[in-house]
Amino acid sequence: MKIEITEQKRPVLSEEAKAEIQRVIKQYPEGRQKSAILRVMHIVEEEAGGWLSPDTMDMIAEILSIEPIEVYEVATFYTMFNLQPVGKYVFEVCRTGPCMLVGSDNIITYLENKLNIKVGETTTDGMFTLKTAECLGACGYGPMLQCGEEYHEYLTPEKVDELIEACRRGEIKGNKVV
Ligand code: FES
């Protein structure tokens, strides 16, 4: 995987985020704080505007008293983490077999044309990022995509249009909290 480096200052964590990180770390035995890595990465990513820069990942390594490479490994393995700035709404379209069989590739192409971006890109207004993902566990409801914490299933071009409009009206919770 090619990673383009984008600069980003380390986020200043909110008191709530700091407390949640400590609560999660304390769930594991002394010296096993690395086990909290996924949850901590999600918390910090949210605080950082929806993506993780190398500097932010270094910060996570410091929080967990582990090597930075251990954070990079996780961040580059899972598609759920963003390594570049993203839009307010990140559409992750499942492209695994069962969804592909019912037309996920058509939905991806439709979104690319509708948003005028390719997979991996963000619209110029900073609203939408288009990604693909491997199986999201909703194989019986494809084609589907994840946006934030919500699944949108049995997608058709009409449903995609409705989703985009709902996002523009602010009716859908986005991926970014800052
Ligand atoms: S194959 Fe798409 S959710 Fe499982």
Side-chain angles (χ1 to χ4, degrees), residues 3-4 6-21 24 38-53 56-57 60 75 78-178:
I3 301 174
E4 290 182 12
T6 302
E7 294 301 321
Q8 176 201 46
K9 285 193 291 195
R10 294 178 178 208
V12 178
L13 299 181
S14 65
E15 291 306 314
E16 293 78 17
K18 286 183 199 167
E20 177 63 5
I21 286 170
V24 174
L38 284 175
R39 183 72 190 118
V40 171
M41 288 175 69
H42 278 300
I43 294 168
V44 176
E45 184 181 61
E46 197 166 305
E47 294 272 308
W51 69 290
L52 297 169
S53 70
T56 302
M57 289 189 275
I60 294 169
Y78 292 108
T79 57
M80 83 244 308
F81 294 111
N82 300 305
L83 304 179
Q84 291 290 315
V86 291
K88 182 174 181 184
Y89 299 96
V90 180
F91 291 162
E92 295 181 78
V93 186
C94 173
R95 62 173 183 190
T96 303
C99 279
M100 189 68 84
L101 284 173
V102 290
S104 63
D105 46 354
N106 293 335
I107 294 297
I108 293 167
T109 302
Y110 186 79
L111 275 162
E112 287 182 328
N113 293 332
K114 178 89 183 175
L115 299 174
N116 198 26
I117 53 174
K118 293 292 181 194
V119 170
E121 295 179 347
T122 298
T123 54
T124 50
D125 62 2
M127 281 288 281
F128 300 101
T129 297
L130 179 59
K131 295 173 67 176
T132 55
E134 298 305 329
C135 181
L136 291 166
C139 321
Y141 313 105
M144 59 81 65
L145 66 77
Q146 180 173 6
C147 177
E149 295 176 356
E150 293 180 4
Y151 277 13
H152 299 271
E153 300 163 339
Y154 298 120
L155 292 174
T156 61
E158 293 74 24
K159 281 192 162 186
V160 169
D161 289 346
E162 286 170 18
L163 173 61
I164 290 171
E165 287 311 310
C167 290
R168 291 196 195 284
R169 292 194 299 268
E171 296 170 3
I172 303 286
K173 186 174 181 288
N175 296 64
K176 289 168 72 167
V177 294
V178 293

Evaluate the criterion side chain to side chain contact (heavy atoms under 4.5 Å, CB included) for residue pair Asn82 and Thr129; output intermediate values, then yes/no.
CA-CA 10 Å; Asn82 300 305; Thr129 297; 5.8 Å; no
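- Across Tyr89 and Gly170, no two heavy atoms sit closer than the pair OH-CA, 3.9 Å.
- The shortest heavy-atom contact between Phe128 and Cys167 is CE2-CB, 3.6 Å.
- No donor-acceptor pair under 3.5 Å is formed between the side chain of Ser104 and the backbone N or O of Arg95.
- No donor-acceptor distance shorter than 3.5 angstrom exists from the side chain of Gln84 to the backbone of Trp51, with no hydrogens or angles considered.
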The test is side chain to side chain contact (heavy atoms under 4.5 Å, CB included); show your working for Val93 and Leu130 and say whether it passes.
CA-CA 8 Å; Val93 186; Leu130 179 59; 3.9 Å; yes
Check the pair Ser14, Glu47 against side chain to side chain donor-acceptor pair (under 3.5 Å), reporting the backbone distance first and the verdict last.
CA-CA 8 Å; Ser14 65; Glu47 294 272 308; 3.2 Å; yes
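- Here the side chains of Arg168 and Asp125 are in contact, with some heavy-atom distance below 4.5 Å.
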Going through the distances and angles, do Ile21 and Val44 end up as a side chain to side chain contact (heavy atoms under 4.5 Å, CB included)?
CA-CA 9 Å; Ile21 286 170; Val44 176; 4.0 Å; yes
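- A donor-acceptor pair under 3.5 Å is formed between the side chain of Tyr151 and the backbone N or O of Leu136.
- Atom CD of Glu171 has more than 12 heavy atoms from other residues, nucleotides or ligands within 6.0 Å.
- Side-chain N or O atoms of Glu45 include none that pairs as donor or acceptor with a backbone N or O of Phe81 at under 3.5 Å.
- Nearest heavy atoms, Cys94 versus Cys135: SG-CA, 3.8 Å.
- The main-chain N or O of Gly148 is found under 3.5 Å from a side-chain atom of Gln146 such that the two form a donor-acceptor pair.
- Taking NZ of Lys114 as the reference point, atom CD of Glu112 lies at 14.5 Å (rounded to 0.5 Å).
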Is there a side chain to side chain contact (heavy atoms under 4.5 Å, CB included) between Leu115 and Ile164 once you walk through the steps?
CA-CA 9 Å; Leu115 299 174; Ile164 290 171; 3.9 Å; yes
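- Taking the side chain as every heavy atom from C-beta outward, Pro85 and Thr122 never approach each other to under 4.5 Å.
- Between Lys159 and Glu162 there is no salt bridge, since no side-chain N of the basic residue sits under 4.0 Å from a carboxylate O of the acidic one.
- Summarising the geometry, atom CD belonging to Glu134 is positioned 4.0 Å from atom OG1 belonging to Thr96; distances are rounded to the nearest 0.5 Å.
- Taking each heavy atom of Thr56 and Pro11 in turn, the nearest pair found is OG1-CD, 3.5 Å.
- By the 6.0 Å contact criterion, CG on Asp105 is enclosed, its count of non-hydrogen atoms from other residues, nucleotides or ligands being greater than 12.
- Rounding to the nearest 0.5 angstrom, the gap separating the NZ atom in Lys88 from the CD1 atom in Ile172 is 11.0 Å.
- Of the residues listed (Lys18, Glu20, Glu16), the one engaging Ile43 in a side chain to side chain contact (heavy atoms under 4.5 Å, CB included) is Glu20, and it is the only one.
- Pairing each heavy atom of Cys139 with each of Pro98, the nearest pair is CB-CB, 4.0 Å.
- Taking each heavy atom of Gly50 and Val86 in turn, the nearest pair found is O-CG2, 3.5 Å.
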